[in-house]
Amino acid sequence: MTTIDTADATCTVLSPEDDGWDEARATFNLLDDQRPELIALPRDAEEVAQAVALARNAGLRLAAQGTGHGASSRDTLAGAMLVNTSRMTDVEIDHVARRVRVGAAAKWEHVAPMLSERGLAGLHGSSLDVGIAGYSMGGGIGWLTRRHGLQANAVRAIELVTAEGALVRTDAEHHADLFWALRGGGGNYGVVTAIEFEVVDVPELTAGSFFFPVDRTAEVLRTWTPLLPTFPEELTTWVTVIHFPPTPDVPEVVRGRSFAIVMAAHLGGEEEARRLLRPIQDLGPAMDTLGTQEPIALGTLAMDPESPLPYRSTTALLDGLPDETIDAVAEIAGTGGSLAMLQIRHIGGAFGRRPADAGARATIDGEILVFGLGVPMDAASDAAVAAGLGALDDVLEPQTVGEYPNLVEHPVDASRFFDDATWQRLRAVKAAWDPEDRVRGNHHVPPAAEPAA
Ligand SMILES: Cc1cc2nc3c(=O)[nH]c(=O)nc-3n(C[C@H](O)[C@H](O)[C@H](O)COP(=O)(O)OP(=O)(O)OC[C@H]3O[C@@H](n4cnc5c(N)ncnc54)[C@H](O)[C@@H]3O)c2cc1C
């Protein structure tokens, strides 16, 4: 255990030999093996400031983590202190103002049930296990995005400890440059201590899934794809291929079986949802779970993995899905392939609308988002997963118009996620607030040579 070189310091800081080290450096992807020099476990903003001071004194870089869901896209932690904020999960909800304030490591599961009870929902993604901080700062997309836009656009304030150790509150009126950069530039600007954001009314929700045997994937996709232009923004549908493992934690009805699943969330009544989805129903699903739901149902609709697992993934934003691509995708996702899950998400609508006061990541291009995932258990299956993901990339390449950074789960040159003007502005703000490049978020933004004026 390291003593912080600051008077009256209380923050717990672990060294590799300390109890709790492996738990504190763990991530959601069990293939990650983060090895920082030290790990701080602050309980509040004051302790975050203590940790930042210690890192500065020790000449260490800084990287923050709340849940470890987005760790795979970060560079090495050699020479860095990991600030693990997992103890900072405070939640304050103002139901009347539809406004929420959370600590740095609050997950969507910490707010969604309370919101749902009052007919409200946050703009969360497919899994409530994901942390609000990393999700929001990378963009944040889910079932309500076609109608309500990205979560980054719903953020109203972010508080952080800067690389210099100052506790700063940013919003539209205060440090607006930094507030802009945090909403898209992620964890590159300091250690975030709290986030405030707006949530939306969900007066009526119909949600559920149509399950088809996996050998009908191409037929399902050929029926689904032409329907997309007819769907209103209130309806979001995905086709997800899942090979459910034969393990006891999986519900018996799907255990060990493989399906092409049309998942739907409709901000409206069941009759209208069924009318819009009639061609899918007419295919005769093996199971149909569509029905009236509370907003909390959106947290499990995608059937994402809920516990840490070893995995590799790939993703792409597409401008369409022609029939020849559908056939190749169905082949790769099928029973002979190596992918455990393939999500094909309909996007568009408010994904492409930029609000006036937006940050660095306000919109996402394309009509369809693909996310494929494989679970290697040994060297042989690792090679098969890599081949399957590579084949998927090749097949999608002609339709690919970009990538959504939150789902790019390996280190890349982050300039590819932004137009040049946005990238240069992100680098200028970085130079103004962290010229020594001390803070390393996932998808690194390096400082510009000259700080912003
Ligand atoms: C099962 C699963 C489902 C997902 N579904 C979706 C989805 O539907 N839509 C979507 O948009 N994304 C989705 N994601 C991606 C997710 O949004 C990213 O992985 C995101 O980075 C997770 O944020 P986190 O805070 O939970 O993770 P962490 O690993 O804790 O943080 C990720 C990054 O955020 C930054 N960060 C976190 N905390 C702080 C802090 N206190 N200060 C400064 N920087 C910080 C850092 O750069 C850090 O590297 C999913 C991920 C998983 C694993």
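Bear in mind the structure is a predicted one, so any value in this text is a computation, not a measurement. For the single chain, residues carry numbers from 1 onward in sequence order. One-based numbering, in listed order, for ligands and for the atoms of each.
Residue contacts with ligand 1: Ser127 is placed with no nitrogen or oxygen under 3.5 Å of a nitrogen or oxygen of the ligand (distance criterion only). Taking any N or O of Ile141, backbone or side chain, at least one lies under 3.5 Å from an N or O belonging to ligand 1. On a distance-only criterion, Gly70 and ligand 1 share at least one N/O pair closer than 3.5 Å. Between Gly125 and ligand 1, no N or O atom pair is found at a separation short of 3.5 Å. Residue contacts with ligand 1: Asn406 is placed with a nitrogen or oxygen under 3.5 Å of a nitrogen or oxygen of the ligand (distance criterion only). In terms of N/O distances under 3.5 Å, ligand 1 is not approached by Gly142.
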Inset, instruction - For Phe179 and Ile158, run side chain to side chain contact (heavy atoms under 4.5 Å, CB included): C-alpha distance rounded to whole Å, both residues' side-chain angles, the deciding distance at 0.1 Å, then the answer. - result: CA-CA 7 Å; Phe179 185 51; Ile158 298 180; 4.2 Å; yes
Inset, instruction - Starting from the C-alpha separation in whole Å, work towards a yes-or-no answer on side chain to side chain contact (heavy atoms under 4.5 Å, CB included) for Val445 and Trp423. - result: CA-CA 8 Å; Val445 177; Trp423 179 245; 3.9 Å; yes
Inset, instruction - Give the intermediate values and the outcome of side chain to side chain contact (heavy atoms under 4.5 Å, CB included) for residues Leu318 and Leu396. - result: CA-CA 8 Å; Leu318 311 181; Leu396 299 179; 3.9 Å; yes
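Between Leu38 atom CG and Leu14 atom CG the span is 9.0 Å, to the nearest 0.5 Å. Atoms OG1 and CD, from Thr10 and Glu46 in turn, are 7.0 Å apart once rounded to the nearest 0.5 Å.
Minimum heavy-atom separation, Val439 to Gly187: CG1-O, 3.3 Å.
Within the 4.0 Å heavy-atom cutoff, Tyr311 counts among the residues contacting ligand 1. The shell of residues lying under 4.0 angstrom from ligand 1, judged by heavy atoms, includes Gly140. Contact between His444 and ligand 1 is absent, with no heavy atom of the residue lying under 4.0 Å from the ligand. Heavy atoms of Gly190 come nearer than 4.0 angstrom to ligand 1 in at least one pair. Between Tyr404 and ligand 1 there is a heavy-atom distance shorter than 4.0 Å. A heavy-atom separation below 4.0 Å is found between Ala71 and ligand 1.
Both the backbone and the side chain of Asn442 come within 4.0 Å of ligand 1, counting heavy atoms alone. Residue contacts with ligand 1 for Met137 involve side-chain atoms from C-beta outward but no N, CA, C or O (heavy atoms, distance under 4.0 Å). At a 4.0 Å heavy-atom cut-off, ligand 1 touches Arg345 through the side chain alone. Only the side chain of Phe28 comes within contact range of ligand 1, with a heavy atom under 4.0 Å; no backbone atom does.
Scanning the protein for heavy atoms near atom 53 (C) of ligand 1, the closest one is His69 CD2, 3.2 Å. In this structure, the protein non-hydrogen atom closest to atom 28 (P) of ligand 1 is Gly68 N, 3.5 Å. When hydrogens are left out, the protein atom nearest atom 42 (N) of ligand 1 is Val192 N, 2.8 Å; that is the closest non-hydrogen contact. For atom 25 (O) of ligand 1, the closest non-hydrogen atom of the protein is Gly134 N, 3.1 Å. Scanning all protein heavy atoms for the shortest distance to atom 51 (C) of ligand 1 gives Val130 CG2, 3.8 Å. Regarding atom 40 (C) of ligand 1, its nearest protein heavy-atom neighbour is Ala64 CB, 3.4 Å. With respect to atom 13 (C) of ligand 1, the closest heavy atom belonging to the protein is Leu407 CD2, 3.7 Å. Of the protein's non-hydrogen atoms, Ser126 OG, 2.9 Å is the one closest to atom 5 (N) of ligand 1.
Evaluated by nearest non-hydrogen atom to atom 1 (C) of ligand 1, the leading choice among Val48, Asp304, Leu309 is Asp304. Between Pro42, Ala106, Gly66, it is Gly66 that holds the heavy atom closest to atom 30 (O) of ligand 1.
The environment of CD in Gln424 is crowded: more than 12 heavy-atom neighbours from other residues, nucleotides or ligands sit within 6.0 Å.
In the vicinity of Val191, heavy-atom distances shorter than 4.0 Å reach the ligand 1 atoms 42 (N). Near Gly441, the atoms of ligand 1 lying under 4.0 angstrom from a non-hydrogen atom of the residue are 47 (O). For ligand 1 and Gln65, the ligand atoms under 4.0 Å from any heavy atom of the residue are 30 (O). Interface atoms of ligand 1 facing Arg74, defined by a heavy-atom separation under 4.0 Å, are 48 (C), 49 (O). In summary, the atoms of ligand 1 found under 4.0 Å from a heavy atom of Ala104, numbered by their order in the structure, are 41 (N).
For the salt bridge (charged side-chain N to carboxylate O under 4.0 Å, His left out) test, residues two or more places apart in sequence or in another chain that qualify with Asp382 are Arg312. With sequence neighbours left out, Arg354 forms a side chain to side chain contact (heavy atoms under 4.5 Å, CB included) with Trp180, Ala358, Ala362, Thr363.
The six-membered or imidazole ring of His124 lies away from that of Trp143, with a centre-to-centre distance of 6.0 Å or more. Less than 6.0 angstrom separates the ring centroid of Trp108 from the ring centroid of Phe197.
The pair Glu37-Arg61 fails the salt-bridge criterion, with no side-chain N (NZ, NE, NH1 or NH2) lying under 4.0 Å from an Asp/Glu carboxylate O. Checked for salt-bridge contact, Glu196 and Arg156 miss the test: no charged N lies under 4.0 Å from a carboxylate O. Lys107 and Asp129 are joined by a salt bridge, as a carboxylate oxygen and a charged side-chain nitrogen come within less than 4.0 angstrom of each other.
In this structure, Phe28 and His69 have parallel ring planes: the angle between them is below the 30° cut-off, well short of the 60° mark.
With hydrogens and angles left out, the side-chain atoms of Trp21 and Ser15 include no donor and acceptor closer than 3.5 Å.
A side chain to side chain donor-acceptor pair (under 3.5 Å) with Ser136 holds for exactly one of Arg183, Arg361, Gln151; it is Gln151. Under the side chain to side chain donor-acceptor pair (under 3.5 Å) test applied with Arg74, the options Gln34, His410, His443 reduce to a single match, Gln34.
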